[in-house]
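Once you've had a glance at the structure underneath, I'll fire off some questions.
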Amino acid sequence: MSHHIVEVKNLRHVYPDGTEALKGVSFRIHHGESVAIIGANGAGKSTLLLHLNGYHSPTAGEVRIGDFLLSKGTLPGIRRTVGMVFQDPDDQLFMPTVYDDVAFGPLNLGLNGNELERCVADALERVGAAHLAAKAPYHLSGGEKKRVAIATVLSMSPDILVLDEPASGLDPYARRQLIGLLKEFRHTKIFTSHDLDLVLELCQRVILLKEGEVRADGPAAEILRDERLLAECRLEVPLSLQGCPICGKRQG
Amino acid sequence: MTSIEGALLDFKRLDRLAAGDTALHRLDPRAKVIVTFVFIVTVVSFGRYELSALVPFFLFPAILVGLGNLPAGYLARKVALLCPFALVIGLFNPLFDRAVALQLGPLAISAGWISCASIVVRAALTVGAAFVLLALTGFPAICSALERLGLPGMFVVQLHFLYRYIFVLGEEGGQASRALELRSFGAKRPSLATYGSLVGHLLLRTWLRAERVHRAMLARGFSGAFPTRTVGRFGMAEAAFVAGWTAFFLFLRLNNGAQLLGSLLTGHFS
């Protein structure tokens, strides 16, 4: 199916203050792929993600989601296809209760009655947050907020899930829960992260950005082992691939 | 500064009270909003020298607190916090209005003192009723009740967002002022310029957050109209609640309840 393909061609983005955040980025992500976009702070990751959903319009180049070129006319359809989870869940949860928040998207899509109830209950169930439905967002813990933020997007059944720094600020248990949750999502996943161990667990493919350009694009296991390449991009080999700190022995 | 965070926690407690499950909590929010509105209008409509007739109105918040299983002391403290502001408003009345209105033996009480007391009592009544409404209903439910009673959607959205982000803004403000305190070493009070820059930063941060929230809304298909679920039904219980209290307020507005009770008692004992 071509409608879950994400294709970016020679994408350039210049901010109004003259900063060139993306300098001709190209890649093609297929249906069902799980891809991490990694890079140093300021490498252009977040700017790139904001293009996938049409918040930024390209200075040059094009973004194609499935069969549609991203443009004003195709925007509503594309926003339905691409579910986006933002870094700070406080930005994403703006309704009075968790239930209302998860129902926001489906209501905008025209769902109501039993269908709406079921869709919201399903999404909350999938992230293990059914018991939080009646709570207000400001009464939740960080991990709960994150899971609910993901539910708000899952409730719209997106074909492509885009997440900005999904694991930032989570405790190890909440992080582990999140990894399990994302593994279950079978559609295309694209996310940015500095947590390279998480990347290693979730992704087959990594796109490494450096100063607004694609520095490397390939299998996660290969790129994440390349010490020199990672150091050049201000990153480090993930802990799980480093030698044991005591005996120096490597896993696997 | 712990005071900001303390205030927030306190506020959250008020919010949690609305999750109670008494008959009053279960009433349709619209009924509670209407009754509170009628109550406030009635209390405010009394003449400026009226004092004794206002006293029976305390029955309304007292009964709701009792039936709604609300912590009376906590709410009373909240109301007491606001009373000084009302006092400031009425403070000059005793100075300007010196006509003797009441003679208690050798003690002459001027009309100014009475109008001042009347202002404070009214403030306590109206603010108290508003807090009770909040504790029984919760802010979001009040907002949607207002919308269903005809308040334009735009205002309702504004109220929703105000309430949702007051917590986030409060936390950010608390963090910023704590950072300021930790680096000023208690030496002297930070200058006005420092505070100015702190507030400016908060404003800019709010602005950026507003942009991000808007993005998140667009991502979920927001197109200008705010979809809301309608819950609750205006049934017999609600109609009885509204009719009963309205009749009670009207009765107390037309008859001085305190005097009535007084004459009843004295009539009985004489």
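Letters go in sequence order (proteins before strands), and every chain restarts at 1.
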For A:Ser155, which atoms come within 4.5 Å of any heavy atom of chain B: side chain, backbone, both, or neither?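 For A:Ser155, there is no contact with chain B at all, as no heavy atom is under 4.5 Å.
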Exercise: do B:Asp15 and B:Tyr163 side chains pair donor with acceptor under 3.5 Å: yes
Does a donor on one side chain sit under 3.5 Å from an acceptor on the other, for A:Asn41 and A:His194?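 There is such a pair (donor and acceptor under 3.5 Å, judged by atom type) between the side chains of A:Asn41 and A:His194.
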Taking the six-membered ring of B:Tyr74, is NZ or CZ of B:Arg13 closer than 6.0 Å to its centre and within 45° of its axis? yes
So what's closer than 4.5 Å to chain B heavy atoms on A:Asn112: side chain, backbone, both or neither?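 A:Asn112 has no heavy atom closer than 4.5 Å to chain B.
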Can you confirm whether the side chains of B:Thr206 and B:Tyr165 place a donor and an acceptor under 3.5 Å from each other?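 No, no side-chain donor-acceptor pair sits under 3.5 Å.
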Among B:Arg212, B:Arg205, B:Arg220, which residue meets the salt bridge (Lys or Arg N to Asp or Glu O under 4.0 Å) test with A:Asp91?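 Only match with A:Asp91 under salt bridge (Lys or Arg N to Asp or Glu O under 4.0 Å): B:Arg212.
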Best-contacting candidate, A:Val153, A:Leu50, A:Ile78, A:Val85, against chain B by heavy atom pairs under 4.5 angstrom: A:Leu50
When only pairs under 4.5 Å are counted, which of A:Val82, A:Leu109, A:Leu93 shares the most heavy-atom pairs with chain B? A:Leu93
Quick one: of A:Met156, A:Gln92, A:His139, who has the most non-hydrogen atom pairs under 4.5 Å with chain B? A:His139
Check for me whether the distance between the ring centres of B:Phe60 and B:Phe248 falls short of 6.0 Å. no
Given heavy-atom pairs under 4.5 angstrom as the criterion, report whether the side chain, backbone, both or neither of A:Asp90 touches chain B. both
Heavy-atom cut-off 4.5 Å, strictly under: side chain, backbone, both or neither for A:Tyr55 against chain B?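 Just the side chain, heavy atoms under 4.5 Å.
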